[in-house]
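In listed order, ligands and their atoms are each counted from 1.
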Amino acid sequence: MKVLVINCGSSSLKYQLFDMTDESVLAKGLVERIGIEGSRIKHTKTGQDTVIKNMPIPDHKVGIKATLDALLDKDHGALGSLDELHAVGHRVVHGGEKFSSSVVVNKEVLEAIEECVPLAPLHNPANLMGIKAMMELLPETPQVAVFDTAFHQTMPKHAYMYGVPYHYYEEYKTRRYGFHGTSHYYVAYRAAEILGKPVEDLKIVTCHLGNGSSITAVDGGKSVDTSLGFGTVPGVIMGTRCGEIDPTVVLYLMEKENLDTKLMSHILHKESGILGISGISSDMRDVEEAAEGGNERAKLALDMLCYGIRKHIGAYAAAMNGLDAIVFTAGIGENSSLVREKVLEELSFLGIKVDYEKNKSRGKEVIISTEDSKVVAMVVPTNEELVIAKDTLELTK
Ligand code: ADP
């Protein structure tokens, strides 16, 4: 049974085709620069070299058509015909309070995703374009929406409310939603499998550290708190996003520099974080290299990130009244032994002991704490696409 997973951004589209009989990836690819000069599709059939085709891709519908053509290609494709496609799963960033799990797309679901556009004005419209284009091209094939926010819908109200007048929540739904839910869900449940214990019995902090980062408290398999919020800037410092900040700083800067909301938003989302502090790059590899070379601001960015992660782990251990495991995932979490080491070393009060040899590993599932460590620290590479494929199959069986 073949399931296609689509992750549609504003100018790009990633896809993976799964054979769900063994959950293997048959092909994957990326459509880049949709609606921009120089658009192209990069397609890889498992076991073959990547093929790149430059072609005009003015909109998402053409991008989806190019994806289907690549999958049907007789040399590099992985589908004999589109009838082999059982269903399509779409990543949708924001499901607001409407969606606490994945759903089969119908007219009402499309409308509800549309209603969430004000909450994710950059992402939901692109996700919708992908779904609608696919529905037009494959009207008979079921489409499933999997939401980044859904896993966090289990947070208790005292964790998701902000301390502004209550009526703003009622009128505008201003609250913590959280993101990267599919990733936190996957690594928490996988960690429980690796530990050989029911997830219901575990208190886990999952650290998704990529260009965007979030940390989540997963108690008994449910998200009970998470570091991203209404939007995607709070929590720890990220590639270009500022992380936790006193909102009066924002008001003060707007006044001092005469900034409008658009410019201020740009600064908080695109010029801050690791880039803004280091002045070098948003990419952790560059920053680690510069810090090793003695660059003080690169060192500061690294220290701020690791301190922020540590603070969240401590806070979430308190929130859950206990801690069994810490899981690292995404680009930085899976690859940076330096970040993991700096975070864990100063959590020794929790009884955590790092296995330095195992911590050198990159991009693989591995326990990086010693056998006598009171809390297990581990790396679990995330696999959001597999979660989307599994949910898609489950809902369309
Ligand atoms: P996104 O949020 O865009 O999906 P990723 O999960 O791919 O991002 O993470 C990107 C981040 O991972 C970048 O900061 C990158 O520098 C970092 N990263 C990737 N490989 C390494 C590595 N070997 N060492 C340190 N950081 C790394």
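Just one of Thr149, Thr206, Thr216 meets the side chain to side chain donor-acceptor pair (under 3.5 Å) condition when paired with Thr226; it is Thr216.
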- [ ] Go through the steps to decide whether His43 and Lys53 satisfy the test side-chain contact (heavy atoms from CB on, under 4.5 Å), and finish with yes or no.
- [x] CA-CA 8 Å; His43 173 88; Lys53 190 171 167 192; over 6 Å; no

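Of all protein heavy atoms, the one lying nearest to atom 21 (C) of ligand 1 is Asn335 CB, 3.4 Å. From the protein, the heavy atom lying nearest to atom 18 (N) of ligand 1 is Gly331 O, 3.6 Å. Looking at atom 26 (N) of ligand 1, its nearest protein heavy atom turns out to be Met284 CB, 3.7 Å. Among all non-hydrogen protein atoms, the one lying nearest atom 11 (C) of ligand 1 is Ile332 CG1, 3.8 Å.
In summary, the aromatic rings of His94 and Phe99 are positioned with their centroids too far apart to meet the 6.0 Å limit.
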Indicate every side-chain donor-acceptor pair of residues 342-352 with a distance under 3.5 Å to a residue at least two apart or in another chain.
from	atom 1	to	atom 2	distance (Å)
Lys342	NZ	Asp303	OD1	2.7
Glu345	OE2	Tyr356	OH	2.8

Using distance only, find each side-chain donor-acceptor pair of residues 248-255 under 3.5 Å and give its atom names and separation, not counting sequence neighbours.
from	atom 1	to	atom 2	distance (Å)
Thr248	OG1	Asp246	OD1	2.8
Thr248	OG1	Asp246	OD2	3.1

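Salt bridge Asp283/Arg285: present, at least one basic N to carboxylate O contact under 4.0 Å. Residues Glu111 and Lys107 are paired through a salt bridge, judged by an N-O separation under 4.0 Å between the basic side chain and the carboxylate. Between Glu385 and Lys14 there is no salt bridge, since none of the side-chain N atoms of the basic residue sits less than 4.0 Å from a carboxylate O of the acidic one.
Across Asn211, Leu209, Asp283, heavy-atom proximity to atom 3 (O) of ligand 1 is greatest for Asn211. Comparing Arg285, Glu384, Glu334, Met238 against atom 19 (C) of ligand 1, the shortest heavy-atom distance belongs to Arg285.
Counting the atoms of ligand 1 from 1 in the order shown, those under 4.0 Å from a heavy atom of Ser336 are 25 (C). Taking every heavy atom of Gly212 and a limit of under 4.0 angstrom, the matching atoms of ligand 1 come to 2 (O).
Residue Ala330 has no nitrogen or oxygen atom sitting less than 3.5 Å from a nitrogen or oxygen atom of ligand 1, judged on distance alone.
Counting heavy atoms closer than 4.0 Å to ligand 1, residue Arg362 contributes side-chain atoms (C-beta onward) but none from N, CA, C or O.
In this structure, Gly239 falls outside the shell of residues with a heavy atom less than 4.0 angstrom from ligand 1.
Per-atom contact check: atom 14 (O) of ligand 1 touches the protein, criterion being a heavy-atom distance below 4.0 Å.
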